[in-house]
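Take a look at the structure below.
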Amino acid sequence: MSELRFVRMGFGADAVEYQEAWDEQRRVHAARFADEVPDTVLLLEHPPVYTAGRRTEDSERPLDGTPVIDVDRGGKITWHGPGQLVGYPIQKLPRPVDVVAHVRRLEEAVIRSCAEFGLETTRVEGRSGVWVLGDPVERRPALGGLSLDFDPRLTDEEFDPRLNGPEYAPSNAGQRREDRKIAAIGIRVAKGVTMHGFSFNVNPDNAWFDRIIPCGIRDAGVTSLANELDRDITIEEVLPVVEKHLKDVLENADLKPRVIETASA
């Protein structure tokens with residue numbers, strides 16, 4: 001792969017409005033498709049905003065009517081905002097595109113970045129993104145004074161943590177010692193070129209996630225690098241580390257088209 005270009009669009013007081021970043025993604029996407037620019041990663045922070053991927057259900061949106069921007073990526077609803085490093089890799093991939101391989105590469109870059117700060121993270125089967133694993137179920141604290149045998153999430157498919165108190169809030173998953181997501185991934189591929197990407201929770205106020213069902217997942221939560229390390233950490237510290245690992249993973253990837261299985265006669 002050719003050398004990767006990084007564009008730092010804006011952070012902190014210069015955080016980039018979601019619509020502005022989305023417009024820039026589309027502009028760079030068209031330029032990459034036309035081979036006018038190299039593979040490019042846009043890096044930025046957003047002001048607080050909820051965005052909903054194509055599979056988002058109405059029941060997962062904010063109950064109070066908070067505005068949500070519907071976008072053309074995969075996945076479900078999530079939040080972006082201060083303290084979260086967002087990356088939009090815009091890459092040309094061989095066709096037919098192996099979408100899963102692209103997602104795995106983004107996960108790998110974040111996993112390596114967390115490891116550099118001393119935090120072990122991993123993937124969870126059937127769930128995209130990067131996770132901090134919780135304790136085994138039998139070792140987790142009881143919820144609301146009840147044993148785990150009475151955890152309503154195990155029997156009620158319509159269970160809504162937003163209506164059942166802070167002990168079920170996604171932002172408190174660390175206190176419950178449950179699996180918790182530190183980076184979400186949602187992408188789109190058009191004309192063989194990727195869009196959207198990852199959001200890495202560095203030091204955000206995770207209570208923003210409590211208004212929604214993050215990524216449609218009701219039995220796990222969210223966390224951040226600052227929460228897990230139990231110390232202050234900034235986007236400024238994390239940015240060069242993430243760039244380094246994205247560069248290593250994406251530039252050195254052995255890109256191959258997705259294998260098409262043909263039915264035998």
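For this chain, numbers begin at 1 and follow the sequence in order. All values derive from a computational prediction rather than experimental measurement.
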Is [Y] close to [X] at the side-chain level, that is, under 4.5 Å between some pair of heavy atoms?
X: V238; Y: S113; result: no
X: V41; Y: L246; result: yes
X: P62; Y: I77; result: yes
X: V86; Y: F200; result: no
X: Q175; Y: E167; result: no

* To do: Determine, stepwise, if the pair Q25 / H29 fulfils side-chain hydrogen bond (donor to acceptor under 3.5 Å, both in side chains).
  => CA-CA 6 Å; Q25 279 196 76; H29 181 278; over 6 Å; no

One thing to verify: whether [Y] and [X] come together as a salt bridge, which I'm taking to mean a side-chain N less than 4.0 angstrom from a carboxylate O.
X: E60; Y: K76; result: yes
X: R104; Y: E108; result: no
X: D70; Y: R61; result: yes

* V97 and H102: side-chain contact (heavy atoms from CB on, under 4.5 Å), yes or no, with the steps? -> CA-CA 9 Å; V97 171; H102 177 65; 5.9 Å; no

Which heavy atom of [X] sits nearest a heavy atom of [Y], and at what distance?
X: P214; Y: P170; answer: CD-CG, 3.8 Å
X: P82; Y: P47; answer: CD-C, 4.3 Å
X: N227; Y: T223; answer: CB-OG1, 3.6 Å
X: I187; Y: L106; answer: CG2-CD1, 4.2 Å
X: G87; Y: L43; answer: CA-CD2, 3.8 Å
X: E178; Y: A220; answer: OE1-CA, 4.1 Å

Any chance you could measure [X], atom [atom1], to [Y], atom [atom2], to the nearest 0.5 Å?
X: D210; Y: S171; atom1: CG; atom2: OG; result: 3.5 Å
X: D72; Y: R54; atom1: CG; atom2: CZ; result: 6.5 Å
X: I69; Y: H46; atom1: CD1; atom2: NE2; result: 8.5 Å
X: E107; Y: S128; atom1: CD; atom2: OG; result: 6.5 Å
X: M195; Y: L42; atom1: CE; atom2: CG; result: 9.5 Å
X: T66; Y: I212; atom1: OG1; atom2: CD1; result: 10.0 Å

Within one Ile-Leu-Val-Met-Phe-Trp-Tyr cluster: [X] and [Y], side-chain cutoff 4.5 Å:
X: V202; Y: L239; result: yes
X: V189; Y: L4; result: yes
X: W22; Y: V37; result: yes
X: F6; Y: M9; result: no
X: L44; Y: L85; result: no

Is the backbone N or O of [Y] less than 3.5 Å from a side-chain atom of [X], with the two atoms forming a donor-acceptor pair by type?
X: Q84; Y: S224; value: no
X: R95; Y: K191; value: yes
X: N172; Y: P166; value: yes
X: R218; Y: F159; value: yes
X: R123; Y: G129; value: no
X: N252; Y: D248; value: yes
X: R162; Y: R211; value: yes
X: N201; Y: A183; value: no
X: Y50; Y: F209; value: no
X: R32; Y: I90; value: no

Enclosure of [X] [atom1] (heavy-atom neighbours >12, cutoff 6.0 Å):
X: Q19; atom1: CD; result: yes
X: D232; atom1: CG; result: no
X: E236; atom1: CD; result: no

* With side-chain hydrogen bond (donor to acceptor under 3.5 Å, both in side chains) as the test, would you mind laying out the steps for T194 and R188 before giving the verdict? => CA-CA 6 Å; T194 67; R188 177 177 185 236; over 6 Å; no

* Mind checking what makes side-chain hydrogen bond (donor to acceptor under 3.5 Å, both in side chains) contact with D98, not counting sequence neighbours? ->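 Not a single residue meets the side-chain hydrogen bond (donor to acceptor under 3.5 Å, both in side chains) criterion with D98.
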
* Considering residues at least two apart in sequence or located in another chain, which fulfil the side-chain hydrogen bond (donor to acceptor under 3.5 Å, both in side chains) criterion with T56? ->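 None.
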
* Asked: With a 6.0 Å cut-off on ring centres, are F198 and Y88 close enough?
  ->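 No, the ring centres sit 6.0 Å or more apart.
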
* Say whether R73 and T51, considering side chains only, have a donor N or O and an acceptor N or O under 3.5 Å apart. =>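 Yes, T51 and R73 have a side-chain donor paired with an acceptor closer than 3.5 Å.
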
* Identify, with sequence neighbours excluded, every residue that meets side chain to side chain contact (heavy atoms under 4.5 Å, CB included) alongside L119. =>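 If we apply the side chain to side chain contact (heavy atoms under 4.5 Å, CB included) test to L119, skipping adjacent residues, the hits are C114, T121, V132, I182, L225, E228, L229.
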
* Asked: For R180 and V222, what are the C-alpha separation, side-chain angles and deciding distance, and is it a side-chain contact (heavy atoms from CB on, under 4.5 Å)?
  -> CA-CA 5 Å; R180 46 215 184 266; V222 294; 5.7 Å; no

* Face-on cation placement of K92 at F33 ring, 6.0 Å and 45° thresholds ->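 Yes - K92 lies over the ring of F33, closer than 6.0 Å to its centre and within 45° of its axis.
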
* To do: List the steps and the verdict of side-chain contact (heavy atoms from CB on, under 4.5 Å) for Q91 and L250.
  => CA-CA 9 Å; Q91 291 182 270; L250 298 182; 3.8 Å; yes

* Asked: After noting the C-alpha distance and the side-chain angles of I235 and E45, does the key distance pass the side-chain contact (heavy atoms from CB on, under 4.5 Å) rule?
  -> CA-CA 9 Å; I235 295 279; E45 270 180 291; 4.0 Å; yes

